[in-house]
Amino acid sequence: MAYRTQVMEHLVSPRNVGEIVDPSGSGESGDAACGDIAHFDVDISENTVEKVRYQVYGCAACIAAGSALTELVDGEHLLQAARVSRNDLQDSLGGPLPEGKDHALTLVLDALHKAFEDHWNHESSVLLAGYESEVHDG
Amino acid sequence: MSNTTVYLDNAATTPLDERVLETMLPLLRAGSGNPSSLHVFGVAASEAVKEARVSVAKFLGASPAEIYFTSGGTESDALAVFGLARANKEKRHIVISSVEHAAVYEAASRLESEGYEISRVPVDEHGLVDLREFEAALRPDTALAAVVWANNEVGTVQPIAELSSICAGQGIPFHSDAVQAAGRSSLKVDEVPVSTLALSSHKLYGPQGVGALYVRDGVRVSPLQVGGGQESGLRSGTQNVAGIAGFGAAARLAGEECEERARHEMELRDLLIEEATDIPGVSLNGHPEKRLSNNAHFSVEGIEAEGIVLLCDAMGYAIGSGSACSSGGHKASRVLLALGQSEREAFSAVRVTIGKGNTRAEIAGFLEVFARVVEQLRKLSPLQST
């Protein structure tokens, strides 16, 4: 089993590593069987991914997939970012991962989607609070 | 191993010694004959095999007739486990340690599926077999017992003299896989009453694909493969003449240089262990003293080993990982679990094994890279403890 150059490049120089202080959304995913964990923080403003940071505990494929995913969504419109697929991510890593490593794609996409969901939950509670205070005031 | 990467995975395989290659080249170039042939080519090949058998026997303090050449450590282990079991058919119980090399462990498991009862003797947190527990596991119907001389992962050296003496006292055949210990511990079979002992050439700076099984005179072993009756009928098949000659040369050199090599390895190993365990969250696995002269095995808290191994490789240092995330999911090292580690701890283990050619400067360079890699991956880890 050997990793592609693109995977190794992300492993050696992973992009957008870390956490965001007070992010607009956070998400974590983990594969209980495998023991891997991915964590994504996002800052979304006017439906654009202004900033994305990630952390991974897992094999090299998970680390590289997380890094590649941050590059695919950074600066993108939220709807565009949410549409990034397993295939897009795989392509950005130069093609299919070695056998048995596909879980890396699911792991990081799940964490990112949860971060978006968290953002939407915040947004909707803000909207709802605004709506409720309007109703109440009216 | 000709590129600029520093090789620190000598437990996986060792680079071929130039002097061994010189022994092999004439046999490879001329195209060695079949040692079973009567003509001049056959005689030359037979002489080369004979000479190697003498060298390997001398290395072990054995007689040449007790040395059987095989294709390597795994075959030697299989021949011992299946061969001793089948030669003692009326006995259906086997004792092994829980830290055996897969070649012994899986052979015993195969016999278990064929109806044998297997006792797997546990080890302490350093990987050491307890003599009393081992003795208690032996029964009148025990066909064989097997304990690895030194574990291939964490490097813990077992009390083979005592274990084999217990078995000898009860008339139970005792096998030891000495693949990693060869050239490091004294394997004198005239002092240690093992019945059979497995060796591999490529862990001794010899070629890959060759090994030997020592079988003490009078010990009954059934062959695994039959045919032309080579190796006194215990291992049929035309011998790998050049490989065997290389193995013979490697064993001779290992015998001559054993002390010097072990001293050199130990000096570098101790430097490595001392400095690496200064990195926060890095701890040593295996026994603090009773360990192979070339083995350092670390757990790195909060990081998976695969990233460490690949990053070290990218920065010029080849080391081994303790467990593998492979097809079908993670596979935590059975040996590390037997030492009482959690799966997560087992996935964070790396093995650094020194060879006779490594230098102090290489170890210093590795330590720098290792610290950097650990720091880089820690930043990535959501489990970071600092």
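Below, read A as the first sequence line, B as the second, and so on, with proteins coming before strands; counting in each chain starts at 1. Side chains included, hydrogens not; waters and symmetry mates left out as well; all remaining heavy atoms used.
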Q: Using a cut-off of under 4.5 Å for heavy-atom pairs, which of A:V17, A:L11, A:D102 has the most such pairs with chain B?
A: A:L11
Q: Counting only heavy atoms closer than 4.5 Å, note whether B:L377 contacts chain A via side chain, backbone, both or neither.
A: side chain
Q: Give a yes or no on whether the backbone of B:H126 and the side-chain of B:T156 come within a donor-acceptor separation of less than 3.5 Å.
A: yes
Q: Give, as side chain, backbone, both or neither, the part of A:V12 having an atom under 4.5 angstrom from any heavy atom of chain B.
A: both
Q: Under 3.5 Å, side chain of B:R378 to main-chain N/O of B:E301, donor-acceptor pair present?
A: yes
Q: Looking at A:N16, is its backbone amide N or carbonyl O close enough to the side chain of A:T70 to form a donor-acceptor pair, meaning the two atoms are under 3.5 Å apart?
A: no
Q: Looking at B:R334 and B:E100, does any basic side-chain N land under 4.0 Å from a carboxylate oxygen?
A: no
Q: Rounded to the nearest 0.5 Å, how far apart are CD1 of B:I273 and CG of B:L268?
A: 11.0 Å
Q: Above 12 or not: heavy atoms from other molecules or residues under 6.0 Å from CD of B:E375?
A: no
Q: Is the backbone N or O of A:S24 less than 3.5 Å from a side-chain atom of A:D43, with the two atoms forming a donor-acceptor pair by type?
A: yes
Q: If you check every heavy atom in residues 61-68 of chain A against those of chain B, which residues fall under 4.5 Å?
A: A:A61, A:I63
Q: Should the heavy atoms of other residues, nucleotides or ligands under 6.0 Å from CZ of B:R110 be counted, would the total exceed 12?
A: no
Q: Check each atom of B:L310 against the heavy atoms of chain A and say whether the ones under 4.5 Å are side chain, backbone, both or neither.
A: both
